[in-house]
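Here the structure is laid out as structure tokens; the discussion comes afterwards.
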Amino acid sequence: MPKKLVIRGLPHSLARDGWWLASESGYQVGQSPPARPPEAAREDDKWVPLLGALALLVLMGDQLFWGHKPGLSLAIFAWCIFAAANLDASDHRRTLPAAGILLLMTLPVLEHVQLLSLSFLVLGLLGAIAMLRLPDTVGVRAIGPWLAAAILRLIGRLPTAGLLDCAAQMRIWRNRHRLSDQTSQSSVRAFIRNWAFPLGGVLVLSTLLISANPVLEHMLIRMLHVDIDVFTLVWRCLFWVGLGLLIWPFLSATAPSSAVKLSVPSWDSSRVLNAGSVFRALVLFNLMLALQSVMDISILSGRAALPEGMSHATYAHRGAYPLLATALLAGTFALAARPFLNQNPALKPLLLLWLTQNVLLTLSAAFRLNLYIDAFGLTYLRVYALIWMGLVALGLAMVIWQVLRERSSGWLVLRIAALGVGTLYVCTFVNFAALIATDTLTRAAHSEKTGRTDWVYMCSLGHTAATAIVAQTKRQPLLHIPGWAYDCVHPEPTQLNWRAWDFRTARVNGYLATNTYSEAQ
């Protein structure tokens with residue numbers, strides 16, 4: 001069989017003239033250029049659905065959020081992102097558990113939109129996307145660390161992943177299509193030669209016809225007249241770009257190459273402490289806390305007098321937060337002292353006594369804060385402080401259990417983290433505004449100083465406190481309510497777009513609507 005003649009480096013123009021020659025690329029002159037390699041075609045095809053989904057999600061985000069207060073729209077948008085990411089999932093067996101994670105984290109936003117509930121929604125979306133990318137090689141015990149590593153990787157990609165991926169793909173396309181640039185340029189030139197005269201003639205003829213027909217001219221002007229606010233358009237375009245940058249990492253997320261082992265950072269406490277110093281410190285610390293506890297009991301029970309000019313409320317306020325800080329330091333010291341417990345038999349009982357005293361100290365701080373609330377009322381900060389004190393007491397109790405059972409630091413950190421996250425999750429379903437209003441007005445009704453109710457703070461609690469305020473003022477008509485607070489005591493239901501809907505606002509609106517109707521009757 002005769003061998004084909006191949007001439008390397010033959011110019012493209014000469015190849016077109018020499019029609020009898022076969023080019024190196026394997027196609028005859030006059031035929032289409034060779035197809036790209038299959039792997040290159042697959043790489044390009046992968047971007048098509050992702051970019052299409054990105055465009056649809058940006059358009060949906062514009063309709064849901066631009067000019068509207070967020071609410072139900074946040075949950076809808078998160079689930080749309082999840083659905084788009086699920087289309088690219090390699091194993092749809094992960095869809096159900098991933099959807100379960102997202103559903104659990106969507107409930108706080110459906111209850112009420114706030115920073116805490118929004119944080120849980122974002123965390124749930126990150127976890128659901130990571131679950132979709134979970135490889136089959138990851139064991140059951142390694143799922144938690146693997147998901148944590150994948151979530152951290154996703155967070156690290158926000159929001160620069162879109163820009164980096166775009167730049168990388170442009171470099172790939174530029175290198176891949178460098179060989180076919182000449183063919184593309186010749187095609188563009190051929191297109192211009194074929195269509196330049198016809199299109200130019202249509203434009204000239206249209207201009208003449210429109211000038212000769214005033215009716216057609218008037219209709220065209222009305223059709224093309226658009227009142228555009230340039231400043232708003234610029235901000236809206238920036239909103240689209242920002243939304244696209246935030247969405248893209250969820251769509252293009254890939255699984256980490258390997259599971260990352262979750263480890264707790266360790267600190268070599270032997271550089272600062274030893275068994276002797278820990279023993280002396282525990283003895284002194286226990287004596288100091290015992291003295292503090294005896295003084296607290298004597299003062300709070302009324303057996304000991306306070307300094308002149310100091311009230312019990314001031315005493316309670318000054319001691320609540322420093323005692324809480326002391327308890328936190330106690331937990332830290334307990335972790336640092338654990339490696340030395342086996343070197344001296346007296347260290348473990350002293351450490352347990354130290355931790356127990358700190359639990360009692362935390363409860364004493366909570367009792368002090370409650371006295372201060374009795375005197376000056378409840379606020380958001382004081383509610384959060386009470387919750388935090390309870391968490392610290394439970395955390396110290398876990399440290400006691402860890403010392404008794406000789407558990408690892410990772411065991412303790414995992415359970416304290418679960419306790420904190422679980423508490424925050426429950427808090428998203430609690431209407432603290434209504435709780436504060438109810439407590440403040442109830443205390444005012446049973447106090448001789450009803451005129452000292454801070455109505456400025458009460459009215460600043462917002463619409464979600466309206467149910468409690470209306471209910472308490474009905475039950476306690478003797479409350480002194482200033483005239484300027486009428487709108488706060490008798491609020492109207494808010495008119496919300498469906499995008500801003502949530503359960504808490506709907507419940508308050510329903511109560512107010514029913515209450516307004518009954519008063520009108």
Verdict with supporting geometry, Trp235 and Trp240, side chain to side chain contact (heavy atoms under 4.5 Å, CB included): CA-CA 9 Å; Trp235 277 109; Trp240 295 340; over 6 Å; no

Chi angles and distances behind the side chain to side chain contact (heavy atoms under 4.5 Å, CB included) call for Gln402, Trp411: CA-CA 8 Å; Gln402 180 207 20; Trp411 178 93; 3.9 Å; yes

Intermediate values then yes/no, ring pair (Phe, Tyr, Trp, His ring centres under 6.0 Å), Phe82 and Phe250: CA-CA 8 Å; Phe82 173 75; Phe250 293 101; over 10 Å; no

Stepwise side chain to side chain contact (heavy atoms under 4.5 Å, CB included) check, Phe432 with Cys427: CA-CA 8 Å; Phe432 287 107; Cys427 287; 4.0 Å; yes

Audit row: Phe120, Val109, side chain to side chain contact (heavy atoms under 4.5 Å, CB included) steps and yes/no: CA-CA 8 Å; Phe120 274 108; Val109 167; over 6 Å; no

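In this structure, the side chains of Leu412 and Trp401 stay at 4.5 Å or more apart for every pair of heavy atoms. When side chains are defined from C-beta on, Val122 counts as touching Leu126, because their heavy atoms get closer than 4.5 Å. When side chains are defined from C-beta on, Leu391 does not count as touching Ile416, because their heavy atoms never get closer than 4.5 Å. In this structure, the side chains of Leu103 and Trp79 come closer than 4.5 Å at one or more pairs of heavy atoms. Here the side chains of Arg504 and His463 are not in contact, with every heavy-atom distance at 4.5 Å or above. Contact check for Leu369 versus Arg382: side-chain heavy atoms found under the 4.5 Å cut-off. Contact annotation: the side chain of Trp498 approaches that of Ile76 to within less than 4.5 Å [non-hydrogen atoms, C-beta and beyond]. Within the 4.5 Å cutoff, the side chain of Cys80 has heavy atoms near those of the Leu57 side chain.
Of all the heavy atoms in Phe333 and Ala281, the pair that sits closest is CZ-CB, 4.0 Å. The shortest non-hydrogen separation linking Arg499 to Gln63 is NE-O, 2.8 Å. Nearest heavy-atom pair, Ala98 versus Leu132, reported as atom, atom and distance to 0.1 Å: CB-CD2, 3.9 Å. Across every non-hydrogen atom of Pro491 and Val470, the tightest pair is CD-CG2, 3.8 Å. Closest heavy-atom contact between Thr464 and Ala433: OG1-CB, 3.4 Å. For the pair Thr438 and Ala468, the tightest heavy-atom approach, listed with the atom from each and the gap, is OG1-CB, 3.2 Å.
Looking at Tyr425, its side chain never comes within 3.5 Å of a backbone N or O of Ser117 through a donor-acceptor pair. Gln357 places a side-chain N or O within donor-acceptor distance of the main-chain N or O of Ala290, the cut-off being under 3.5 Å. When atom types are taken as modelled, the side chain of Arg153 and the backbone of Ala148 share no donor-acceptor pair closer than 3.5 angstrom. At least one donor-acceptor pair closer than 3.5 Å links the side chain of Asn509 to the backbone N or O of Thr494. Arg407 contributes no side-chain N or O that, together with a main-chain N or O of Val403, makes up a donor-acceptor pair within less than 3.5 Å. Side chain of Arg236 to main chain of Trp66: no donor-acceptor pair is present (N/O by atom type, distance under 3.5 Å, no hydrogens or angles). A donor-acceptor contact shorter than 3.5 Å links the side chain of Asn286 to the backbone of Leu350.
Each of Leu441, Thr467, Thr440 was scored for a side-chain contact (heavy atoms from CB on, under 4.5 Å) with Gln472, with one residue passing: Leu441.
Side-chain N/O atoms of Thr505 and Asp502 include a donor and acceptor closer than 3.5 Å.
For CE of Met398, the number of neighbouring non-hydrogen atoms (other residues, nucleotides, ligands) closer than 6.0 Å is greater than 12. Within a 6.0 Å radius of OH in Tyr384, more than 12 heavy atoms belonging to other residues, nucleotides or ligands are found.
Rounding to the nearest 0.5 angstrom, the gap separating the CG atom in Leu378 from the CG atom in Leu435 is 6.0 Å. Atom CD in Glu111 sits 7.5 Å away from atom CG in Asn431 (nearest 0.5 Å). With rounding to the nearest 0.5 angstrom, the CZ atom of Arg94 is 11.0 Å from the CD1 atom of Ile101. Here the CZ-CG distance, from Arg507 to Leu512, works out to 12.5 Å after rounding to the nearest 0.5 Å. To the nearest 0.5 Å, atoms CG (Leu125) and OG1 (Thr106) are separated by 8.5 Å. Rounding to the nearest 0.5 Å places CD1 of Ile469 at 6.0 Å from CG of Leu461.
Between Phe77 and Phe65, the ring centre distance stays below 6.0 Å.
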